2 protein chains.
Amino acid sequence: MDVQPRRNTTQKRVILHSVEQLGCHPTAVQIYNAVREMLPRTSLSTVYRNLGILVDQGRIKAVKGTGSEIHYDHNTGEHNHIECTICGRVCDVHVNPVNIETLNPETVSNFIVLEVHMNIIGICPECAEH
Amino acid sequence: MDVQPRRNTTQKRVILHSVEQLGCHPTAVQIYNAVREMLPRTSLSTVYRNLGILVDQGRIKAVKGTGSEIHYDHNTGEHNHIECTICGRVCDVHVNPVNIETLNPETVSNFIVLEVHMNIIGICPECAEH
DNA sequence: ATTCGTAATAAGAACTATTCCTATTATAAA
DNA sequence: TTTATAATAGGAATAGTTCTTATTACGAAT
């Protein structure tokens with residue numbers, strides 16, 4: 001729970017930069033490939049460790065789609081995601097957020113509601129036109 | 001894409017029965033443990049294979065939470081899920097479904113919207129009272 | 001600038017959840 | 001019954017992620 005000292009390493013900077021550059025919610029391996037174009041000796045575990053640190057620091061978000069890989073999102077603001085069933089791409093979506101206050105406690109099994117995530121599944125424009 | 005003949009085996013019946021009995025969205029391993037109390041020689045791969053068949057047949061649903069395991073749900077009707085951040089339990093929730101028609105195509109990046117899933121994160125009543 | 005403690009790294013082993021493989025078993029049709 | 005083959009048990013293989021350890025390099029204090 002206490003904050004460790006953090007060094008500002010080249011790898012960390014390039015990893016964050018790659019998440020931002022790749023844009024559309026890359027996976028760890030996609031980030032790894034991008035990073036290795038600039039720093040060819042970077043290891044996958046370094047990518048995973050730094051992604052974990054960046055998530056802990058709230059500088060990026062980890063996003064789960066329908067697949068088994070974790071996607072990383074540099075957009076830390078409130079938004080939802082839409083995933084293409086065909087190509088697997090994950091995009092940002094701005095739907096009116098569900099107001100937690102409006103959820104009747106009875107309907108949510110008397111849980112204390114913390115977050116409401118909306119995941120939309122669909123077909124992206126590119127895949128829609130074959 | 002053609003339908004294979006399916007045999008009605010004891011294992012398949014006990015696996016479906018366990019998903020129903022365990023109720024609150026068990027994982028494959030939880031189902032495996034329950035099944036082995038009745039059929040001690042059942043293997044984990046048999047559990048996975050039959051869960052896959054049951055999902056394909058629409059008799060149960062596969063549900064992903066925040067964790068890495070897949071949960072199985074005998075409630076095949078339209079509903080959403082709420083997950084406790086503390087104990088990890090996944091429960092059914094009946095929130096007014098999001099009407100796909102009301103989603104502005106612009107706001108959903110011009111995707112063809114197929115499904116809208118709402119995942120709620122919270123604290124369950126048991127965990128709330130320490 | 002140089003030294004030095006230690007955070008971060010590279011490389012790969014280990015782990016976890018799931019899927020696949022294969023010889024054997026058992027269902028149900030003939 | 002017999003028989004063809006779907007389903008099984010057991011375990012190997014895979015995929016994605018996390019962990020381990022000797023080595024490297026950041027940056028604070030000389």
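The analysis underlying the following values was restricted to heavy atoms, covering all of them including side chains, and did not include hydrogens, waters or symmetry mates. Naming: A, B, ... by sequence-line order, numbering from 1 per chain. In this text, all values refer to a predicted model and were calculated from it rather than measured experimentally.
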| request: Step by step, work out the side chain to side chain contact (heavy atoms under 4.5 Å, CB included) result for B/C124 and B/C87. | output: CA-CA 8 Å; B/C124 75; B/C87 67; 3.9 Å; yes

| task | Could you tell me whether a side-chain N or O of A/T27 sits under 3.5 Å from a main-chain N or O of A/H71, the two making a donor and an acceptor? | result | no

| Whole-Å distance between C/dT18 C1' and B/L51 CG? | 11 Å

| remark: Contact check, residues 18-42 of chain A vs DNA chain C, heavy-atom distance under 4.0 Å, returns A/R41, A/T42

Could you pull out the protein-nucleic contacts involving nucleotides 24-30 of chain D (nitrogen or oxygen on both sides, under 3.5 Å)?
unit_1 : atom_1 : unit_2 : atom_2 : d
D/dC26 : O2     : A/R7   : NH1    : 3.3
D/dC26 : O2     : A/R7   : NH2    : 3.3
D/dG27 : OP1    : A/N8   : N      : 3.1

| message | For B/H17, give me all partners under ring pair (Phe, Tyr, Trp, His ring centres under 6.0 Å), at least two apart in sequence or on another chain. | response | none

| query | Does the B/N80 side chain pair with the main chain of B/M118, one donor and one acceptor, at a distance under 3.5 Å? | reply | yes

| field | Residue pair B/H117 / B/E115, side-chain donor-acceptor N/O under 3.5 Å | value | yes

| task | Please determine, by modelled atom types, if B/N75 and B/H25 share a side-chain donor-acceptor pair under 3.5 angstrom. | result | no

| query | Contacts to DNA chain D from residues 55-69 of chain B, heavy-atom cutoff under 4.0 Å, which residues? | reply | none

| message | Would the distance check show the side chain of B/K12 and the main-chain N or O of B/L54 forming a donor-acceptor pair, the cut-off being under 3.5 Å? | response | no

| query | For the side chain of B/T85 and the backbone of B/G122, is there at least one donor-acceptor N/O pair under 3.5 Å apart? | reply | yes

| message | Just the rounded figure in Å: distance from C1' of D/dA12 to CG of B/L44. | response | 14 Å

| said: Please give me the minimum heavy-atom distance between B/A34 and B/L22, naming the atom from each residue. | reply: CB-CD1, 3.8 Å

| remark: Looking only at heavy atoms, the pair that brings B/V93 and B/H79 closest together is O-CB, 3.7 Å

| query | How close or far is atom P of C/dC20 from atom CD1 of B/I53, stated in whole angstroms? | reply | 13 Å

| said: For a side chain to side chain contact (heavy atoms under 4.5 Å, CB included) check, start with the C-alpha distance between A/I53 and A/R6, then their side-chain angles and the critical distance, and finish with the verdict. | reply: CA-CA 9 Å; A/I53 290 168; A/R6 293 292 182 200; 3.5 Å; yes

| said: Does B/T46 contact D/dA7 through a side-chain donor or acceptor facing the base, at a distance under 3.5 Å? | reply: no

| request: Rounding to 10 degrees, work out the angle separating the end axes of the helix from C/dA1-D/dT30 to C/dA30-D/dT1 (five pairs an end). | output: 30°

| request: Check if the side chain of B/S45 and the base of D/dG10 share a donor-acceptor pair of N or O atoms closer than 3.5 Å. | output: yes

| task | Kindly give the heavy-atom pair with the smallest separation between A/S18 and A/I31, and that separation in Å. | result | CB-CG2, 4.2 Å

| said: According to side-chain hydrogen bond (donor to acceptor under 3.5 Å, both in side chains), does anything in residues 32-44 of chain A pair up with another residue at least two apart or in another chain? List the pairs. | reply: A/Y32-A/R36, A/S43-A/S45, A/S43-A/T46

| note | note: A/N50, atom CG; D/dT17, atom P; distance rounded to Å ~ 15 Å

| said: Does a side-chain N or O of B/Y48 approach OP1 or OP2 of C/dT19 to a distance below 4.0 Å, or not? | reply: no

| message | Over all strands shown, is B/I70 touching base, sugar-phosphate only, or nothing at heavy-atom distances under 4.0 angstrom? | response | sugar-phosphate

| query | When the distance from NZ of A/K12 to P of C/dA10 is rounded to whole Å, what number comes out? | reply | 13 Å

| B/I82 vs A/V113, side chain to side chain contact (heavy atoms under 4.5 Å, CB included): CA-CA, chis, key distance, verdict | CA-CA 9 Å; B/I82 187 162; A/V113 174; 4.3 Å; yes

